[in-house]
Amino acid sequence: MSRSWFISFEGIDGAGKSTHIEGLAQWFKSRGHVVTLTREPGGTPLAEKLRELALHESMDSLTEALIMFAARREHLVQVIEPALARGEVVLCDRFTDATFAYQGGGRGFDWQVLQNLEQMVQKVPNTNLRQPDLTIWFDLPPAVAAQRLSTARVPDKFESQPQSFFESVRYGYAKRMQESPTRFAQIAADQSREMVWLDVVRAIELAYSK
Ligand code: TYD
């Protein structure tokens, strides 16, 4: 493995992606890669400020979508593009599919408007539209996620949404996967942690062999 790689990780809250992202960072490092581990919304000082607003203030749904994309633009220009240019592996805890799933699916915000914003924000030099090379979707039934989250820390604005919201978010992810099937690896996140990990590694190896 020698080329740069951009991998995003998605799923509803409680799907358990965080521990696997940490594990993968070690996995790539032990194979000689330089890894940039980052997240959205966030990843730069300004984008982290926008994250605070987006996760804790109630706001109009267009405002919310614009904040997600504004944070993404900063993150892309300041962190992701430079890391890819240096030939690194970028592991990103959520990226643009989260906006389609949460703002599009969960909030019911206009899909076409999100697509327009995506075109504008993810346009970078030498690449028409920056997208992850691979998106790993930790797919979990919302009822299972709700049980997991009930024992977790104080919920933010999204985590405190009802189960029906997460059904819509899940539908949003499924729609995104339908639109770009070769980019996505859907992983059943209701298995044991060990089985999920094996599926994650298998998805990475498969994508890389293509
Ligand atoms: P999350 O990634 O779950 O981080 P943590 O579990 O460490 O708090 O939190 C981010 C939240 O933001 C999550 O509920 C999904 C939401 N979100 C959106 O609504 N739209 C987006 O575009 C992104 C990136 C995240």
Side-chain angles (χ1 to χ4, degrees), residues 6-25 37-44 46-80 90-111 113-122 130-132 135-140 142 144-173 175-177 179 189:
F6 179 21
I7 308 177
S8 65
F9 301 85
E10 299 285 357
I12 60 171
D13 291 272
K17 57 188 166 48
S18 302
T19 51
H20 295 296
I21 300 173
E22 293 282 343
L24 269 185
L37 182 58
T38 188
R39 69 169 182 183
E40 289 209 350
T44 77
L46 174 55
E48 290 290 332
K49 286 186 187 169
L50 295 174
R51 177 189 177 95
E52 273 307 300
L53 296 174
L55 266 55
H56 300 291
E57 302 285 337
S58 66
M59 58 186 72
D60 166 75
S61 63
L62 173 57
T63 310
E64 189 175 278
L66 289 171
I67 287 183
M68 296 301 180
F69 273 113
R72 181 157 307 127
R73 180 68 190 176
E74 276 302 301
H75 188 213
L76 204 54
V77 171
Q78 304 287 346
V79 175
I80 296 176
V90 176
L91 303 179
C92 194
D93 189 344
R94 301 190 185 283
F95 191 63
T96 196
D97 300 307
T99 312
F100 284 85
Y102 280 77
Q103 282 63 54
R107 297 266 193 248
F109 189 76
D110 191 298
W111 201 263
V113 173
L114 296 180
Q115 284 173 326
N116 293 344
L117 290 168
E118 177 182 45
Q119 291 292 328
M120 205 187 303
V121 165
Q122 289 158 236
R130 175 63 70 195
Q131 288 291 19
T135 296
I136 296 187
W137 172 24
F138 294 86
D139 184 28
L140 189 69
V144 179
Q147 265 178 340
R148 289 188 188 174
L149 282 176
S150 64
T151 55
R153 57 185 194 264
V154 182
D156 64 35
K157 198 176 91 182
F158 295 103
E159 288 164 344
S160 54
Q161 292 291 322
Q163 198 173 307
S164 58
F165 176 84
F166 291 105
E167 299 285 356
S168 305
V169 172
R170 190 185 195 193
Y171 170 78
Y173 278 127
K175 186 170 172 188
R176 279 293 274 185
M177 182 164 141
E179 289 174 354

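Order of listing sets the numbers, starting from 1, for every ligand and every atom in it.
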Problem - Donor-acceptor side-chain pairing of T99 and R72 below 3.5 angstrom - result: yes
Exercise for the section: Give the residue, atom name and distance (to 0.1 Å) of the protein heavy atom nearest atom 16 (C) of ligand 1. Expected result: F158 CD1, 3.7 Å
Fill in the blank from the handout: Nearest heavy-atom contact between V121 and L76 is O-CD2, 3.6 Å
Handout entry: Of R130, Q131, Q122, the residue whose pairing with T96 passes side chain to side chain donor-acceptor pair (under 3.5 Å)
Key = Q122
Completion exercise
Residues G105 and W111: closest non-hydrogen pair is N-CZ3, 4.2 Å
Problem - Residue E40 vicinity, atoms of ligand 1 by number, heavy atom under 4.0 Å - result: 24 (C)
Problem - Closest protein heavy atom (residue, atom, distance) for atom 25 (C) of ligand 1 - result: P41 CD, 3.5 Å
Handout entry: Closest approach of any protein heavy atom to atom 22 (O) of ligand 1, naming residue and atom
Key = T99 OG1, 2.5 Å
Practice task
Among all protein heavy atoms, pick the one closest to atom 10 (C) of ligand 1 and tell me residue, atom and distance.
Solution key: R94 NE, 3.8 Å
Exercise for the section: For M177 and E10, run side-chain contact (heavy atoms from CB on, under 4.5 Å): C-alpha distance rounded to whole Å, both residues' side-chain angles, the deciding distance at 0.1 Å, then the answer. Expected result: CA-CA 11 Å; M177 182 164 141; E10 299 285 357; over 6 Å; no
Exercise for the section: Could you tell me the residue and atom name of the protein heavy atom closest to atom 17 (N) of ligand 1, and the distance to it rounded to 0.1 Å? Expected result: M68 CE, 3.9 Å
Problem - Atoms of ligand 1 close to R72 [distance to a heavy atom under 4.0 angstrom, numbered from 1] - result: 22 (O), 24 (C)
Exercise for the section: Apply the test side-chain contact (heavy atoms from CB on, under 4.5 Å) to residues E159 and D156: give CA-CA distance (whole Å), side-chain angles for both, the deciding distance (0.1 Å), then the verdict. Expected result: CA-CA 5 Å; E159 288 164 344; D156 64 35; 3.6 Å; yes
Exercise for the section: Output the list of atoms in ligand 1 that are nearer than 4.0 Å to some heavy atom of Q103, sorted by atom number. Expected result: 18 (C), 19 (O), 20 (N), 21 (C), 22 (O)
Practice task
Could you tell me which atoms of ligand 1, counted from 1 in the order shown, lie closer than 4.0 angstrom to a heavy atom of D13?
Solution key: 3 (O), 13 (C), 14 (O)
Problem - Any K17 heavy atom less than 4.0 Å from ligand 1 - result: yes
Fill in the blank from the handout: Ranked by distance from atom 5 (P) of ligand 1, the top protein heavy atom is R153 NH2, 3.5 Å
Practice task
Determine whether the side chain, the backbone, both or neither of L55 has a heavy atom under 4.0 Å from any heavy atom of ligand 1.
Solution key: side chain
Practice task
Using non-hydrogen atoms of the residue, decide whether R51 is closer than 4.0 angstrom to ligand 1.
Solution key: yes
Practice task
Kindly write out the residues that satisfy salt bridge (charged side-chain N to carboxylate O under 4.0 Å, His left out) with E74, not counting sequence neighbours, or none if the list is empty.
Solution key: none
Problem - Working for side-chain contact (heavy atoms from CB on, under 4.5 Å), residues F138 and H20 - result: CA-CA 10 Å; F138 294 86; H20 295 296; 3.8 Å; yes
Fill in the blank from the handout: All heavy atoms of L55 vs all of P41, minimum pair found to be CD1-CG, 4.0 Å
